[in-house]
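In what follows, a single structure is set out as structure tokens and then discussed.
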Amino acid sequence: MATGNYILGAEVKIPIQFTIDGTPDHSTVPVVEKIFNPNGTLAPGFPVTASTLDYNSSMYYVTFTPTMVRDYIVLIKSTHDGDDYYTHDNFTVSNGIKSAPRAEPK
């Protein structure tokens, strides 16, 4: 799942939802463990605990301001009953110059 496309310097709001069998679970607050920059280096300042967006649906978020153009990868960790669960997300940053759209699976 891709978070979206952003212009360089814009704040990216990375949404995270934690559910167990499709039901919102409030036993953990997700952590963004790492953000991989387009050049493969790690963005500084992580891990970061997510902020609550909507408690009832277990929606959380982390904000991030990218400093490079191209694709970023986000590694997210949630812990439930002592077990760590990982997922990932991604987003793309451009310099604002129009380019051809990229194809993504739905």
[Y] side chain reached by [X] side chain, heavy atoms, under 4.5 Å:
X   : Y   : value
P66 : V12 : yes
Y60 : L53 : no
D71 : N90 : no
V62 : I76 : no

*Nearest-0.5 Å distance, CG of residue L75 to CG of residue D89*: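 Result: 11.0 Å between the selected atoms.
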*Would you give the length of the straight line joining atom CG of L8 to atom OG of S94, rounded to the nearest 0.5 angstrom?*
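Going from the CG atom of L8 to the OG atom of S94 covers 8.0 Å.
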Which atom pairs, donor and acceptor, lie under 3.5 Å between side-chain atoms of residues 37-51 and protein residues at least two apart or in another chain?
| from | atom 1 | to | atom 2 | distance (Å) |
| --- | --- | --- | --- | --- |
| N37 | ND2 | T41 | OG1 | 3.0 |
| N39 | OD1 | T41 | N | 3.1 |
| N39 | OD1 | T41 | OG1 | 2.7 |

Donor-acceptor pairs under 3.5 angstrom involving side-chain atoms of residues 15-31: please list them, not counting sequence neighbours.
| from | atom 1 | to | atom 2 | distance (Å) |
| --- | --- | --- | --- | --- |
| Q17 | NE2 | S57 | O | 2.8 |
| D25 | OD1 | S27 | N | 2.8 |
| D25 | OD1 | S27 | OG | 2.4 |
| H26 | ND1 | Y55 | O | 3.0 |
| H26 | ND1 | S58 | OG | 3.2 |
| S27 | OG | H80 | ND1 | 3.0 |
| T28 | OG1 | T79 | N | 3.4 |
| T28 | OG1 | T79 | O | 3.0 |

Out of curiosity, does [Y] fall in the hydrophobic cluster containing [X] (side-chain heavy atoms, cut-off under 4.5 Å, transitive links)?
X   : Y   : value
I73 : F64 : no
Y6  : V69 : yes
M59 : Y85 : no

*Identify the two heavy atoms, one from F36 and one from K34, that lie closest to each other, and give their separation to 0.1 Å.*
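Of all heavy-atom pairs spanning F36 and K34, the closest is CZ-CD, 3.8 Å.
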